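Only a predicted model underlies this, so the values are computations on that prediction, with no experimental measurement involved.
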Amino acid sequence: MTISTILLLLLSLLIALGLSFYQYFYKNGTISKVTWLLAGLRFVAVFGVLLLLINPILSSKTFETIKTPLPIIVDNSSSIVDLKANKTAIELYEKLSSNSALKEKFDLQSYRFDSDFQAATTFDFKGKQTNIEEVAENLKSIYRNATFPAVVITDGNQTIGNDYVYSFDANTKVYPLVLGDTTTFLDIKIGQLNVNKYAFHKNKFPVEVFLNYSGTKSISANFKISQGNTILNTQTLSFSPTNKSSIVTVLLPANQVGLQIFKASITLKESEKNSYNNTKNFAVEVIDQKTNIAIISEIDHPDIGALKRAIETNSQRKVTTLKPNEIKALSDYNVLILYQPSSNFKSLFENNALAGINTFIITGTSTDFNLLNQYQSSLVFRMSGQREDYISSFQSQFNLFALDDIGFEQFPPLQNSFGTITPNSNVAVLLSSKIRNIATNAPLLAFSEIQGKRSAFLLGENSWKWRMQSHIETKSYEKYDVFVDKIIQYLTSNNARKSLVVNHESFYNSGDAIEITAQFFNKNYEIDEKARLTISVTNKNTKQIKKYDLLKSSNSFKVNLDGLDAGQYQFSVKELNTNTLYNGFFEILDFDIEKQFVNPDVTKLQQLATQTQGKMYLPNQVDALIKSLLDTSNYKPIEKAIVKKTPLIDWIWLLILIAIALGCEWFIRKYNGLL
């Protein structure tokens with residue numbers, strides 16, 4: 001409390017005493033107990049009012065020492081066990097975390113990572129994937145704008161994610177502690193195998209295989225691709241200390257329809273420390289037809305290229321871009337994408353009225369809306385010549401097909417003519433529109449089906465920005481491309497709707513996330529929120545049966561089957577209230593990516609240390625690491641002063657006291673006839 005505040009309090013005290021004295025004692029011949037009581041009440045009221053005006057505040061100062069954080073991050077993936085370094089990892093962690101000098105200088109914090117990143121002090125080394133980039137992203141989030149060192153105990157072998165060397169913040173010095181034997185062993189492995197998920201019957205499909213060799217002598221190896229007992233391709237390859245890699249490209253025949261399993265393998269006469277990485281299984285689903293899609297437009301626009309790329313990520317789709325007068329036979333195509341139809345699309349609409357091909361109409365600022373009103377009845381357009389930006393809003397009750405919200409409301413707005421769009425009763429809206437966060441109650445992406453003919457409407461241009469924004473947020477085009485693929489899948493199918501719809505892949509790699517989604521519809525084809533779905537999964541080889549419940553998500557039911565062994569599985573999804581059944585099949589290919597390594601990636605870890613101005617250490621150099629951290633003067637504790645200011649008196653209670661004092665004074669004066 002300042003001196004001026006104290007002086008004001010003393011002055012207030014004198015004023016309150018003076019007013020009470022003048023009111024009840026000055027020139028008052030008779031002084032009774034009532035007079036003293038009234039004077040006291042007047043003193044309390046006046047002094048309380050003056051206290052409210054002064055509002056004296058007490059200040060207290062405390063000091064807090066803030067230490068520099070030192071995260072100790074341990075690789076919890078199963079490759080640490082395969083490299084026989086799990087005990088070393090625990091010993092290194094315990095030596096660092098229990099060091100009293102480090103505790104005194106730093107705020108030690110423990111984490112572990114595999115495919116995810118989490119705080120932990122225990123480690124089981126059972127992670128199925130390694131993502132060191134996830135470490136960098138989480139450290140940036142947890143210690144935003146802070147300067148600190150980080151110790152990463154790892155083998156440096158990353159299996160998913162972007163290159164971690166350039167992922168860490170510039171303010172973070174990384175000190176990798178290398179796990180595993182750095183001695184170079186003779187090893188040859190299949191590093192990567194590229195193949196499309198789908199191929200077409202009686203065609204040939206390419207397989208690209210990357211082979212890597214580590215060793216100190218020249219060798220020859222035999223590479224082959226087989227299906228069952230049939231060898232489809234074989235080659236002899238040579239490797240040496242100067243020729244450590246080879247790329248093999250093979251064209252394989254797709255002679256049988258359905259899921260086909262293949263095995264790529266490489267063998268050599270010399271013995272290897274790790275032979276598990278010499279084989280890799282892969283699968284291709286052979287289909288007997290391809291979906292042909294025509295994008296028809298009079299104008300050039302980035303939307304067309306983005307749509308083409310998104311659709312053709314599914315190799316079952318082939319996209320052709322045409323102008324309205326270039327299309328010869330509508331029967332050559334399964335879906336027509338009409339981009340910003342103008343008056344020149346009139347004959348196309350008339351011909352398609354007879355052909356009955358499903359359409360995807362995309363409008364924009366160059367669209368002839370009068371033409372659309374004439375040749376389709378799902379939407380009624382009353383548009384002006386003014387342009388407007390429309391933000392999307394996801395409708396979770398949409399039930400034509402299962403689709404999660406991929407962040408539509410964060411996507412850039414689409415541009416369309418301003419006006420009123422009225423949907424008919426048979427229209428299902430996936431995205432509605434907003435103008436500056438004000439809902440228009442009009443559709444932005446809608447679907448309809450009239451007499452077996454399906455249509456989709458995207459009411460705005462610049463959807464290419466959606467694809468870019470999705471890539472910025474997820475570092476992949478996958479979510480947006482799946483969104484477009486589901487629209488095309490809906491348009492290419494004219495099958496009657498089923499009450500139970502299940503989505504799954506035909507095959508998965510061991511260690512991949514195995515997620516099966518399902519939707520159950522009532523008689524009105526509305527999603528039944530009260531549905532009870534279960535799944536029974538049977539291993540065809542062992543006959544072992546596992547049962548799970550499907551859990552409700554936003555607009556579908558989901559089950560995660562992670563942890564299943566490699567093999568073939570039959571499954572059935574059942575809705576318990578109606579006994580509706582769906583039977584399916586999938587296969588899990590034997591492939592453990594964490595077993596592909598025989599050495600730590602010393603080169604990458606050294607690059608990481610150099611890039612972040614840290615230093616790489618081996619397990620026997622942990623004492624040198626501790627000494628380096630203690631000797632550096634860059635991470636001194638910071639003493640922070642914390643000043644707390646609290647009012648001397650709670651103003652609410654003081655106000656109540658003033659009211660009571662004035663009220664009592666008035667009643668006493670009234671009672672004694674002094675008013």
Side-chain angles (χ1 to χ4, degrees), residues 296-297 303 307 335-346 348-350 352-353 356-401 403 405 408-409 411-463 466 483-484 486-488 490-491 494 497 521 524-527 555:
I296 305 168
S297 174
D303 284 353
L307 273 172
V335 175
L336 301 178
I337 299 179
L338 309 181
Y339 188 80
Q340 301 211 39
S342 64
S343 57
N344 292 329
F345 281 67
K346 182 177 180 180
L348 182 62
F349 276 107
E350 291 174 348
N352 193 38
I357 297 173
N358 295 340
T359 57
F360 184 11
I361 298 174
I362 302 175
T363 68
T365 56
S366 302
T367 304
D368 186 342
F369 290 100
N370 292 326
L371 183 76
L372 290 181
N373 284 332
Q374 184 178 353
Y375 287 101
Q376 60 81 40
S377 58
S378 299
L379 301 174
V380 177
F381 298 94
R382 293 184 179 88
M383 314 302 283
S384 68
Q386 181 182 349
R387 298 184 177 188
E388 186 58 78
D389 291 335
Y390 293 92
I391 301 170
S392 59
S393 177
F394 182 72
Q395 303 297 306
S396 59
Q397 70 273 15
F398 179 81
N399 59 22
L400 293 183
F401 49 83
L403 182 70
D405 185 356
F408 292 105
E409 295 196 14
F411 286 172
L414 300 185
Q415 194 171 73
N416 201 22
S417 296
F418 178 76
T420 303
I421 303 172
T422 306
N424 291 329
S425 58
N426 63 332
V427 173
V429 177
L430 174 59
L431 300 176
S432 61
S433 64
K434 296 190 293 185
I435 300 177
R436 299 176 187 85
N437 290 322
I438 299 174
T440 65
N441 297 320
L444 190 67
L445 176 60
F447 301 83
S448 71
E449 183 173 355
I450 301 174
Q451 296 179 350
K453 182 182 176 182
R454 294 182 173 182
S455 301
F457 300 87
L458 179 60
L459 306 174
E461 60 182 272
N462 295 330
S463 60
W466 287 10
F483 156 66
V484 173
K486 291 202 173 186
I487 295 174
I488 300 301
Y490 169 79
L491 293 172
N494 286 319
R497 294 181 63 181
F521 301 97
N524 295 325
Y525 289 107
E526 299 170 341
I527 293 178
N555 63 342

Let's go through L458 and S463 carefully: what are the C-alpha distance in whole Å and the side-chain angles of both, what is the deciding distance for side chain to side chain contact (heavy atoms under 4.5 Å, CB included) to 0.1 Å, and is it a yes or a no? CA-CA 9 Å; L458 179 60; S463 60; 4.0 Å; yes
With side chain to side chain contact (heavy atoms under 4.5 Å, CB included) as the criterion, how do Q395 and S393 come out once you've worked through the C-alpha distance, each side chain's angles and the decisive distance to 0.1 Å? CA-CA 7 Å; Q395 303 297 306; S393 177; 3.8 Å; yes
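Scanning all heavy atoms of the two residues, the minimum distance from N352 to I357 falls at OD1-N, 2.9 Å. Between A456 and I487, the shortest heavy-atom distance links the atoms CB-CG2, 4.3 Å. Scanning both residues, S433 and T440, for their nearest heavy atoms gives OG-OG1, 2.5 Å.
Looking at heavy atoms from C-beta onward, L491 lies out of side-chain contact with I337 at the 4.5 angstrom threshold. The shortest side-chain heavy-atom distance between F447 and F360 does not fall under the 4.5 Å cut-off. Two residues are said to be in side-chain contact when any heavy atoms from C-beta on lie closer than 4.5 Å; F457 and Q376 meet this criterion. Within the 4.5 Å cutoff, the side chain of P341 has heavy atoms near those of the T367 side chain.
Residues passing the ring-ring contact (aromatic ring centres under 6.0 Å, His included) test with F483 are F408, Y480, sequence neighbours excluded. In this view, S342 and E298, N344, F345 satisfy the side chain to side chain contact (heavy atoms under 4.5 Å, CB included) rule, not counting sequence neighbours.
One finds the CG atom of L348 at 10.5 Å from the OH atom of Y375 (value rounded to the nearest 0.5 Å). For the atom pair L431 CG and I391 CD1, the distance stands at 12.5 Å (nearest 0.5 Å). Note that OG of S378 is 3.5 Å distant from CD1 of I450, once rounded to the nearest 0.5 Å. To the nearest 0.5 Å, atom CZ of residue R436 and atom CD of residue E388 are 4.5 Å apart. Expressed to the nearest 0.5 Å, how far CD1 of I362 lies from CG of L445 amounts to 9.5 Å. Rounding to the nearest 0.5 angstrom, the gap separating the OG1 atom in T363 from the CZ atom in F381 is 6.0 Å.
Side-chain contact check for Y339 and E461: no donor-acceptor pair (N or O, by modelled atom type) lies under 3.5 Å. Remark: the Q415 side chain and the T365 side chain contain no N/O donor-acceptor pair separated by less than 3.5 Å.
Counting non-hydrogen atoms of other residues, nucleotides and ligands closer than 6.0 Å to NZ of K486 gives a total above 12.
M383 pairs in a side-chain contact (heavy atoms from CB on, under 4.5 Å) with only one of the listed residues (L372, T420, N416), which is N416. Here the options are V427, T422, L379, the test is side-chain contact (heavy atoms from CB on, under 4.5 Å), and the partner is P443; only L379 passes.
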